[in-house]
Amino acid sequence: MSETAAKAPGAPAPAGDANRWKALVFIALAQLMVVLDATIVNIALPSAQADLGISDGNRQWVVTAYALAFGGLLLFGGRIADLWGRKRAFVIGLTGFAAASALGGAATSGAMMFGARALQGVFGAMLAPAALSLLAVMFTDAKERAKAFGIYGAIAGGGGAVGFILGGVLTEYLDWRWTFFVNIPFAVVAALGAYFVIREPEGGRNRNPLDIPGVLLSTLGLVSLVYGFTRAESDGWGDATTVGLFVASAVLLIAFVVTEMRVKAPLLPLRVVLDRNRGGIYLSLGVAIIAMFGTFLFLTYYLQVIKGFSPIKTGFAFLPMIAGMMVGSTQIGTRLMTRVPARALMGPGFLVAAAGMLVMTQIEIGSSYASTILPAMVLLGLGMGTAFMPAMSLATLGVEPRDAGVASAMVNTSQQVGGAIGTALLNTIAASATTSYIKDHIATATSKSQQQLVQMEGAVHGYANAIWVAVGMLVLAAVIVVSLVNAGKPETTPVVSGDGAEDEVAVPVIAH
């Protein structure tokens, strides 16, 4: 089995499964379901809370239960895909996700809802890395890989915004329970299609014994980290429990790294993350997602609370960003990925997205959607779509087939941790700026209407301050890419690896 093999420009595609493009449809459908679920439930949460009698203090667990299970088990899920086979893990993940969704839709109590969301996270943690690693091992020709990852990147980037539209429509015209039930047909079609169509290349499994200490340390460490940021958002950064969770996370993750250096068959082989290109991708994606999550959050509040948009109208307001992502990913990224180095797409892509954020910092109560929000969304979508597409591909390019699952899991882990940090950090910055603004201006408000105006101005001021930080995060992501990612075009370009040696980075070819 060769880990990488040079492919001469213009050479015919390596022999691959004739059904791989059909397989892409079902892989993309499963990815869309997972990404949709991350936002669709948020729209339905107020209605579900009222129906099930969930208290304000406990409602966060509808989101947190999923985030903890998903974020904590991703590495384990990626390793299971490498051990069992990606196709098997993919189908099991889909089946479990559908069953958990049915349980959530049929929930009669808060506890039942929290359990269903945790189960969704468990099976999502198996499904997401299996989907990405299937693409990595099925599409081995450079041009085909570019097209496949262009489609995948567009769905990964824009699916969350589609969730706002679908969530609004289902909640307003049917019932909040349908935001769960809608996953079932997605999962059934994707699972059946995958079972009959996907033919995973042979010889790429990692049959080493499972690294149980690594599983426990990584899962507990990541759960502590994600929950720490969740607590920071609700209880403050100085809260004793929050600080304790961060300390515990640091200790557990350091112990995890030490363990991985010593065990014979590690859960996460350090060669996967110490490669400068993959390490740069994971880090830059995590930083960029901090900005993205904050934008979704603040734009939703701004459009609904300040501008008075309905949930459905808010969802449709995100469409220009989805369109930008699709153009950036499938047109710009796909066409240029085999012609220019990845950092020549990712660096400018993050900077274009930062320019969109910069426009968004100018929002005021009376700002026009057409003159401020629309151009900002288009730029943000174009930039992120252009950057995401080569990032998704390069994160698994050249990796040993036996490591494809954990390499894919690291992509999802960086995004999940970035999302948790973004939600907590940017929310804290916005809340602090809002409180300070209201404190400085409320004294001049002599009537109730003026006081309400000051409070709205304070909220928008807080959003703008947080978005400024998001601009900085995207610029930082671009700097990381330019500094670390040095892979050339994905044909036969020599690349300096993390250990300083020259490697020929090419599309991975698996010997059958």
Side-chain angles (χ1 to χ4, degrees), residues 20-44 66 70 74 77 86 89-91 93-98 100-102 104-105 120-121 123-136 138-139 147-170 178-195 197-198 289 292-293 296 315-316 318-319 321-330 333-334 381 384-385 388-389 391-393 408 411-412 415-416 419:
R20 59 189 176 277
W21 289 107
K22 293 179 183 177
L24 175 62
V25 173
F26 300 112
I27 294 170
L29 186 64
Q31 174 65 16
L32 178 61
M33 180 189 71
V34 172
V35 177
L36 282 176
D37 194 72
T39 52
I40 196 172
V41 174
N42 291 346
I43 297 292
Y66 178 88
F70 186 69
L74 272 167
R86 288 108 202 167
F90 184 73
V91 173
L94 280 167
T95 305
F97 200 92
S101 297
Q120 280 186 317
F123 288 104
M126 181 184 295
L127 173 61
L132 184 55
S133 58
L134 276 171
L135 286 189
M138 291 179 71
F139 289 90
K147 291 178 183 177
F149 276 89
I151 295 168
Y152 186 89
I155 290 171
V162 177
F164 286 117
I165 301 173
L166 193 56
V169 170
L170 292 173
W178 281 97
T179 61
F180 286 89
F181 291 146
V182 74
N183 289 330
I184 298 172
F186 275 97
V188 169
V189 171
L192 288 174
Y195 182 79
V197 171
I198 290 178
I289 289 294
M292 281 289 289
F293 266 63
F296 279 174
F316 278 103
F318 278 95
L319 280 178
M321 183 167 67
I322 300 172
M325 282 183 174
M326 296 191 73
V327 170
S329 185
T330 62
T334 298
M384 293 303 279
F388 266 44
M389 187 264 161
M392 292 286 185
S393 178
S408 301
V411 176
N412 292 284
Q415 292 177 319
Q416 185 68 18

(message) Tell me the closest heavy-atom pair linking Ala131 and Ile27, and the distance in Å.
(response) O-CG2, 3.7 Å
(request) Looking only at non-hydrogen atoms, find the nearest pair between Asn183 and Ser101 and report the distance. (result) ND2-OG, 3.1 Å
(message) Show the nearest heavy-atom pair for residues Ala23 and Ile198, with the distance to one decimal.
(response) CB-CG1, 3.6 Å
(request) Give, for atom CD1 of Ile289 and atom CZ of Phe388, the distance between the pair rounded to the nearest 0.5 Å. (result) 3.5 Å
(request) To the nearest 0.5 Å, tell me how far Met126 CE sits from Phe70 CZ. (result) 12.5 Å
(request) Could I get the full list of side chain to side chain contact (heavy atoms under 4.5 Å, CB included) partners for Ser133, not counting sequence neighbours? (result) Arg86, Ala404, Ser408
(message) Could you check whether atom CZ of Phe181 has more than 12 heavy atoms from other residues, nucleotides or ligands sitting under 6.0 Å from it?
(response) yes
(message) Please report the interatomic distance CG(Leu319) to CD1(Ile322), rounded to the nearest 0.5 Å.
(response) 5.0 Å
(message) Show the nearest heavy-atom pair for residues Gln120 and Phe180, with the distance to one decimal.
(response) OE1-CE2, 3.9 Å
(message) Quick one, Val182 and Met33 - any side-chain contact, counting heavy atoms below 4.5 Å?
(response) no
(request) Give the minimum heavy-atom separation between Pro129 and Gly77, together with the two atoms involved. (result) CG-C, 4.0 Å
(request) Return the set of residues passing side chain to side chain contact (heavy atoms under 4.5 Å, CB included) with Ala130 (not counting sequence neighbours), or none when no residue passes. (result) Ala81, Ala89, Phe90
(message) Any heavy-atom pair between the side chains of Phe26 and Leu94 that's under 4.5 Å?
(response) no
